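Here's the structure, in structure tokens; my notes come after.
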Amino acid sequence: AIGTVLELRAFRKNGQEFPIELTLGSWDNNGKRYYSGIIRDITEKKKAEEIILREKKRSEELILNIFPKEIAEELKENGRTEARKHENVSIIFTDFKDFTSLTSTMAPTILMEELNEIFGYFDDILEKYKIEKIKTIGDAYFAVCGLSEGVENHALQCVEATKEMFGYLALRNKTSQIKWRMRAGIHSGPVVAGVVSKKKYAYDLFGDTVNTASRMESNGKPGKINISEATFQLIKEWISCTPRGSIRTKGKGGMNMYFVD
């Protein structure tokens with residue numbers, strides 16, 4: 001059709017293929033109709049489009065690495081997100097025993113390499129179990145399961161993932177000069193999740209469930225997964241646990257805790 005712009009392929013004298021744009025036109029002159037075709041080399045245009053698409057893909061991948069998929073999609077479409085309340089999720093907190101003394105004489109570059117390798121492996125484990133990493137705070141690792149639909153038992157997923165984390169560290173410690181001794185805590189309950197700040201966006205969780213999960217970790221022991229009563233009730237049909245009784249917890253009073261066997 002007249003006025004149509006077509007993208008085609010052409011060949012140079014040396015046989016090299018390149019993209020062209022063909023614009024079709026027509027006009028009347030003294031009762032006669034004339035037709036034209038304007039050909040334009042669009043090699044540079046195509047290169048620019050490829051660069052834009054590549055950068056867009058990189059940006060989208062970066063957003064997906066920072067935010068859960070649903071939040072990333074909402075940010076792309078609206079430029080903002082609404083805070084959401086989730087009635088029941090499970091939260092993992094881990095940290096390393098004696099981290100300060102262990103790293104006090106360690107070169108910063110070595111420390112970063114160690115944590116990057118360990119946390120990178122943890123990230124792979126979480127992906128396998130559909131768990132979202134929220135953030136790392138120094139040597140602490142903070143993750144959640146149950147924000148997205150389609151996860152059947154978020155508490156069980158968290159326990160199994162944490163077991164794999166310990167398995168990885170045990171294997172790594174056999175050959176590594178630095179021996180990392182990790183504690184882990186899991187608690188289940190409601191949270192509010194959302195993006196905070198206007199610059200350097202951060203996706204975070206809020207609520208007493210987060211604080212309690214942190215208390216599970218701090219009241220645990222190296223090599224053990226310490227869980228709350230709420231989490232125990234969600235996994236007891238599948239996972240064997242050892243009751244620890246009521247343990248006095250900072251800001252919480254006595255709380256029933258269990259070690260995963």
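Computed from a predicted model, the values in this text were never measured in an experiment.
- Between L111 and F99, some side-chain heavy-atom pair lies under the 4.5 Å cut-off.
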Checking M165 against Y141 for the side chain to side chain contact (heavy atoms under 4.5 Å, CB included) test, could you report, in this order, the C-alpha distance in whole Å, the side-chain angles of both residues, the deciding distance, and whether it holds? CA-CA 11 Å; M165 292 178 184; Y141 193 91; 4.2 Å; yes
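- In terms of heavy-atom proximity, L205 sits nearest to A193 at CD2-CB, 3.4 Å.
- A distance of 7.5 Å separates SG in C145 from CD1 in I92, rounded to the nearest 0.5 Å.
- Closest non-hydrogen pair, P19 versus D41, comes out as O-OD1, 3.5 Å.
- Applying the side-chain contact (heavy atoms from CB on, under 4.5 Å) criterion to N116, with sequence neighbours excluded, gives no partner residue.
- Tracing side-chain contacts under 4.5 Å through hydrophobic residues (I, L, V, M, F, W, Y), one reaches Y203 starting from V210; they form part of the same cluster.
- When the side-chain contact (heavy atoms from CB on, under 4.5 Å) test is applied to E17, the partners found at least two apart in sequence or on another chain are R9, F11.
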Run the side chain to side chain donor-acceptor pair (under 3.5 Å) check on R40 and T23 step by step: do they pass? CA-CA 8 Å; R40 184 165 67 97; T23 305; over 6 Å; no
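- The side-chain heavy atoms of L169 and F96, taken from C-beta on, include a pair separated by under 4.5 Å.
- Connectivity analysis of hydrophobic side chains (ILVMFWY, heavy atoms under 4.5 Å, direct or indirect) links M257 to M216, I247, M255.
- Around CG of N14, the count of heavy atoms belonging to other residues, nucleotides or ligands within 6.0 Å exceeds 12.
- In plain terms, the two heavy atoms of S101 and S104 that are nearest each other are O-OG, 3.0 Å.
- Linking ILVMFWY side-chain heavy atoms closer than 4.5 Å, directly or via other members, places F232 and I91 in two distinct hydrophobic clusters.
- Under a hydrophobic-cluster definition in which Ile, Leu, Val, Met, Phe, Trp and Tyr are linked whenever side-chain heavy atoms come within less than 4.5 Å, directly or via other members, M112 and L102 are assigned to different clusters.
- Other members of the hydrophobic cluster containing Y34, listed by chain and number, are W27; membership follows side-chain contacts under 4.5 Å among ILVMFWY residues, whether direct or relayed.
- Counting only heavy atoms from C-beta outward, the side chains of H154 and H86 never approach each other to under 4.5 Å.
- Other members of a hydrophobic cluster containing I137 are absent, since no ILVMFWY side chain comes under 4.5 Å of it, directly or through relayed contacts.
- The side-chain contact (heavy atoms from CB on, under 4.5 Å) search around E237 returns none, not counting sequence neighbours.
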Just do the side chain to side chain contact (heavy atoms under 4.5 Å, CB included) check on D139 and T103 with the steps written out, would you? CA-CA 10 Å; D139 66 316; T103 60; over 6 Å; no
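- Taken from CG in L22 to CG in L6, the straight-line distance is 5.5 Å, to the nearest 0.5 Å.
- Take K252 and apply the side-chain hydrogen bond (donor to acceptor under 3.5 Å, both in side chains) test, not counting sequence neighbours, and it matches D208, T212.
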Dump the intermediate steps for salt bridge (charged side-chain N to carboxylate O under 4.0 Å, His left out) on K46 and E49, then the final yes or no. CA-CA 5 Å; K46 284 296 181 183; E49 288 177 352; 3.4 Å; yes
Checking I110 against I178 for the side chain to side chain contact (heavy atoms under 4.5 Å, CB included) test, could you report, in this order, the C-alpha distance in whole Å, the side-chain angles of both residues, the deciding distance, and whether it holds? CA-CA 10 Å; I110 298 298; I178 302 169; 4.2 Å; yes
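- Remark: side-chain polar atoms of D204 are not paired, donor with acceptor, to backbone N or O of I134 under 3.5 angstrom.
- Within 6.0 Å of atom NZ in K174, 12 or fewer heavy atoms from other residues, nucleotides or ligands are found, so the atom counts as exposed in its surroundings.
- Annotation: the span from F122 atom CZ to T162 atom OG1 amounts to 9.0 Å, rounded to 0.5 Å.
- No donor-acceptor pair under 3.5 Å is formed between the side chain of N153 and the backbone N or O of I235.
- Within the 4.5 Å cutoff, the side chain of F259 has heavy atoms near those of the N226 side chain.
- Shown here are the side-chain hydrogen bond (donor to acceptor under 3.5 Å, both in side chains) partners of N88, two or more places apart in sequence or in another chain: there are none.
- When all heavy atoms of S188 and T209 are compared, the pair lying nearest together is C-CG2, 4.0 Å.
- Applying the side-chain contact (heavy atoms from CB on, under 4.5 Å) criterion to Y121, with sequence neighbours excluded, gives I125, Y168.
- The number of heavy-atom neighbours closer than 6.0 Å to CE of M106, taken from other residues, nucleotides and ligands shown, is above 12.
- Using a 4.5 Å heavy-atom threshold, the side chains of S26 and R33 count as touching.
- Note that NZ of K56 and CG of L53 are 7.0 Å apart. Values are rounded to the nearest 0.5 Å.
- Residues D95 and F93 fail the side-chain proximity criterion, which asks for heavy atoms closer than 4.5 Å.
- Residues L126 and A143 share a closest heavy-atom pair of CD1-CB, 3.6 Å.
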When you look at I239 and K163, which way does the side chain to side chain contact (heavy atoms under 4.5 Å, CB included) test go after all the steps? CA-CA 12 Å; I239 301 290; K163 283 183 175 181; 3.9 Å; yes
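- Pairs engaging residues 103-125 under the salt bridge (charged side-chain N to carboxylate O under 4.0 Å, His left out) rule: E114-R172, E117-R172, D123-K133 [sequence neighbours left out].
- Counting only heavy atoms from C-beta outward, the side chains of N256 and P243 never approach each other to under 4.5 Å.
- Between N173 atom CG and R181 atom CZ the span is 10.0 Å, to the nearest 0.5 Å.
- Within a 6.0 Å sphere centred on CD of Q177, other residues, nucleotides and ligands contribute 12 heavy atoms or fewer.
- One finds the CD1 atom of I186 at 6.5 Å from the OG1 atom of T231 (value rounded to the nearest 0.5 Å).
- V159 and V151 are not part of a single hydrophobic cluster, where members link through side-chain heavy atoms under 4.5 Å apart.
- Within 6.0 Å of atom CZ in R58, 12 or fewer heavy atoms from other residues, nucleotides or ligands are found, so the atom counts as exposed in its surroundings.
- Side-chain heavy atoms closer than 4.5 Å link hydrophobic residues (I, L, V, M, F, W, Y) into clusters, and following such links, even through other members, never connects I131 to V89.
- Residues A184 and T94 approach most closely at CB-CG2, 3.9 Å, considering heavy atoms.
- Each salt bridge (charged side-chain N to carboxylate O under 4.0 Å, His left out) pair with one or both residues in residues 216-231, not counting sequence neighbours, appears once here: R183-E217.
- With sequence neighbours excluded, the residues that form a side-chain hydrogen bond (donor to acceptor under 3.5 Å, both in side chains) with Y129 are E164.
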